[in-house]
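Please read all numbers here as calculations on a predicted model, not as lab measurements.
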Amino acid sequence: MQVLMFLTPVFWMTTSLPERAKCILWNPLAQLLDLLRTPLMGGIPSLETWLIIAGWTAFNVIAAGWLFAKYRRRVIYWL
């Protein structure tokens, strides 16, 4: 959990990143935090942030559906 906190821009703003560190913004937690933080600070989230979050959401829904279809009969034993 501590590693995720330092890899996600919790303590620093994404605008203060040098150009080499822009790859950290591909972290979905960083995008989610930016989506939640920007309106609270009086801004509007960028279209790029919305598209990345929508892409990750679609990927997770498809992966969850595929895993559920594959392991549907075993779910009752895991509960």
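To the nearest 0.5 Å, atom CG of residue Asp34 and atom CG of residue Leu29 are 12.5 Å apart.
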Identify all side-chain donor-acceptor contacts of residues 50-60 below 3.5 Å with residues at least two apart in sequence or on another chain.
from, atom 1, to, atom 2, distance (Å)
Thr57, OG1, Ile53, O, 2.7
Asn60, ND2, Trp56, O, 3.1

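Other residues, nucleotides and ligands contribute over 12 non-hydrogen atoms within 6.0 Å of the CG atom of Leu36.
Of the listed residues (Thr38, Leu35, Ile44), just one forms a side-chain contact (heavy atoms from CB on, under 4.5 Å) with Thr49, and that residue is Leu35.
Residue Leu40 is found outside any hydrophobic cluster, as its side-chain heavy atoms come under 4.5 Å of no other Ile, Leu, Val, Met, Phe, Trp or Tyr.
Take Phe68 and apply the side-chain contact (heavy atoms from CB on, under 4.5 Å) test, not counting sequence neighbours, and it matches Arg72, Val75.
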